[in-house]
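All remarks here apply to the structure that follows.
Start at 1 with the first residue, then count along the sequence. Every value quoted in this text rests on a predicted model; they were computed, and no experiment measured them.
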Amino acid sequence: MKLIIQIPCYNEAETLETALNALPRQIDGIDTIEYLIIDDGSIDGTAETARKWGVDYVVHFRTNRGLAKGFMAGLDACLRNGADIIVNTDADNQYEGADIEKLVRPILEGKSDIVIGARPIDEMEDFSPLKKKLQHFGSFIVRKASRTSIPDAPSGFRAYSREAAMRLNVTNEYTYTLETIVQAGRTKMAMDWVPVRTNKEIRPSRLMKSMAGYIKKSVFTIGHVFMMYKPLHFFVTIGSILFLCGMAVGIRFLVFYFHGAGSGHVQSLILSAVLLLLGFETVIVGLLADVIASNRKILEDVQYHVRRMDYDGVKLSHTESECEKKRGES
């Protein structure tokens with residue numbers, strides 16, 4: 001059983017060694033633990049720091065491509081190097097490395113394919129009251145969209161089985177955290193969470209440069225996730241609101257009309273017609289989007305089988321090479 005711990009990095013030379021030193025070297029039930037760094041276009045020598053420390057793999061981007069791209073590139077590299085379990089953590093040492101054992105335990109026991117590390121949000125001194133409320137609200141929306149009970153959806157401290165990692169797709173360029181939970185929940189993957197500890201913040205968040213920007217991107221991400229994974233519900237809700245508003249305005253016009261004052265309220269009739277038309281068209285868009293979503297599910301299933309043939313072939317070759325090497329040594 002091989003565990004690969006991956007860490008997305010962007011200019012993390014100052015904090016990376018601290019995070020790496022906190023990672024476990026041995027876990028019961030795991031035969032091999034390896035370490036992978038995703039260098040997302042760093043210009044401060046992050047990759048050199050990782051190699052000097054002794055990481056097993058470095059995935060390097062020439063330019064900064066964002067957290068979501070780095071995460072998926074890391075999964076690809078882990079799968080190609082024979083990982084049975086993949087743990088994703090941060091380079092700023094936010095999460096307690098010793099809790100990785102808690103993350104992988106449900107996967108080792110065959111209970112889960114994905115395990116999320118839930119932080120004690122209300123106890124974190126580095127989070128402002130507003131950020132705590134936003135974290136709880138975002139997690140609530142994701143729970144509703146994914147039909148799961150994950151209390152800390154934005155947490156990047158998580159473990160994936162090989163099977164789960166092969167099924168994941170991320171289309172959002174900002175972050176992978178919310179979309180992967182919704183996708184896993186909608187496809188009925190076995191998902192769980194465990195409470196984890198956090199360390200004191202040693203540098204400002206790179207993902208949240210300002211509260212306004214964080215809110216804007218989070219709202220966009222959640223809306224994007226809803227449109228992708230619950231398109232019919234999303235568009236029918238909007239269309240129904242528009243249709244009901246159109247009906248209300250139309251009833252208002254009829255009231256005036258039957259009281260002999262309709263000629264002065266033609267604008268209401270026009271507005272009602274526009275709203276009713278927009279509502280109807282939005283519902284139609286929802287039906288079309290639902291058909292597209294069904295096709296996406298078929299494509300995801302095809303992609304999974306292609307990945308399985310690709311990655312499992314690589315793993316088999318990797319295992320055969322190790323066996324040959326051991327025979328040579330003996």
Side-chain angles (χ1 to χ4, degrees), residues 1-8 30-40 55-61 65-89 103-104 106-108 110-116 146 148 150 156-192 221 224-225 228-229 292-323:
M1 182 69 71
K2 177 188 282 191
L3 164 66
I4 297 183
I5 302 172
Q6 71 169 35
I7 306 179
I30 300 292
D31 301 311
T32 305
I33 300 179
E34 295 179 342
Y35 311 92
L36 181 143
I37 300 301
I38 304 104
D39 179 19
D40 193 11
V55 301
D56 299 278
Y57 314 101
V58 175
V59 177
H60 178 69
F61 292 160
R65 297 175 64 183
L67 182 59
K69 295 288 186 182
F71 171 77
M72 289 303 296
L75 288 189
D76 178 74
C78 289
L79 290 168
R80 291 187 181 281
N81 284 285
D84 296 294
I85 301 176
I86 302 168
V87 167
N88 188 88
T89 187
L103 282 179
V104 303
I107 297 177
L108 287 173
K111 297 177 180 178
S112 300
D113 286 313
I114 300 175
V115 183
I116 311 295
S146 63
T148 64
I150 305 301
F157 195 36
R158 45 184 69 187
Y160 298 92
S161 69
R162 184 175 182 84
E163 182 78 7
M166 284 193 287
R167 289 189 176 276
L168 289 181
N169 289 288
V170 178
T171 58
N172 181 269
E173 295 185 358
Y174 175 58
T175 181
Y176 62 90
T177 55
L178 308 182
E179 184 175 347
T180 50
I181 291 177
V182 174
Q183 182 188 9
R186 304 299 293 183
T187 53
K188 307 297 184 182
M189 291 189 202
M191 186 162 42
D192 200 358
T221 300
H224 175 75
V225 167
M228 279 198 65
Y229 295 99
I292 294 172
S294 299
N295 289 331
R296 190 196 69 249
K297 292 176 184 176
I298 296 172
L299 291 174
E300 286 178 349
D301 191 53
V302 172
Q303 183 186 55
Y304 162 72
H305 287 288
V306 172
R307 282 177 172 175
R308 188 166 185 173
M309 289 188 290
D310 185 16
Y311 292 136
D312 285 354
V314 171
K315 185 176 181 181
L316 181 60
S317 299
H318 183 72
T319 303
E320 289 174 345
S321 298
E322 286 184 347
C323 291

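Asp84 places a side-chain N or O within 3.5 Å of a backbone atom of Lys2 that can act as its donor or acceptor partner.
No side-chain donor-acceptor contact under 3.5 Å links Glu34 and Asn81.
Ile33 and Ile30 get closest at one heavy-atom pair: CG1-CG2, 3.7 Å. In plain terms, the two heavy atoms of Ala73 and Phe61 that are nearest each other are CB-CZ, 3.5 Å. In terms of heavy atoms, Ile86 sits closest to Ala165 at CD1-CB, 3.9 Å. Annotation for Ile107 and Asp113: closest pair CD1-O, 3.9 Å, computed over non-hydrogen atoms. Arg307 and Asn169 make their closest contact through NH2-OD1, 3.5 Å (heavy atoms, listed as atom of the first residue, atom of the second, distance). In this structure, Gly66 and Asp40 approach most closely via the heavy-atom pair N-OD2, 3.0 Å.
Taken to the nearest 0.5 Å, the CE atom of Met189 stands 12.0 Å off from the OG atom of Ser146. Of the inter-residue distances, the one linking Leu75 atom CG with Tyr176 atom OH reads 9.0 Å to the nearest 0.5 angstrom. Rounding to the nearest 0.5 angstrom, the gap separating the NZ atom in Lys297 from the CG atom in Asp301 is 12.0 Å. The distance from the SG atom of Cys78 to the CD1 atom of Ile38 is 7.0 Å, given to the nearest 0.5 Å. In this structure, Ile37 CD1 and Ile5 CD1 are separated by 10.0 Å, a value rounded to the nearest 0.5 Å. The distance from atom CD1 of Ile4 to atom CZ of Arg80, rounded to the nearest 0.5 Å, is 12.5 Å.
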Audit row: Val115, Val104, side chain to side chain contact (heavy atoms under 4.5 Å, CB included) steps and yes/no: CA-CA 7 Å; Val115 183; Val104 303; over 6 Å; no
Going through the checks in order, is the side chain to side chain contact (heavy atoms under 4.5 Å, CB included) test met by Leu108 and Ile85? CA-CA 9 Å; Leu108 287 173; Ile85 301 176; 3.7 Å; yes
Output, in order, the C-alpha distance, side-chain angles, deciding distance and verdict of side chain to side chain contact (heavy atoms under 4.5 Å, CB included) for Gln6 and Tyr57. CA-CA 9 Å; Gln6 71 169 35; Tyr57 314 101; over 6 Å; no
Chi angles and distances behind the side chain to side chain contact (heavy atoms under 4.5 Å, CB included) call for Met166, Tyr160: CA-CA 9 Å; Met166 284 193 287; Tyr160 298 92; over 6 Å; no
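Contact of the Gln303 side chain with the Arg167 side chain is not registered, since no non-hydrogen atoms from C-beta on lie closer than 4.5 Å.
Listed by chain and number, the residues in a side chain to side chain donor-acceptor pair (under 3.5 Å) with Arg296 are Glu300 (sequence neighbours excluded). For the side chain to side chain donor-acceptor pair (under 3.5 Å) test, residues two or more places apart in sequence or in another chain that qualify with Lys111 are Glu109.
Applying the side chain to side chain contact (heavy atoms under 4.5 Å, CB included) test between Thr148 and each of Ile116, Ile181, Val182 identifies Ile181 as the sole match.
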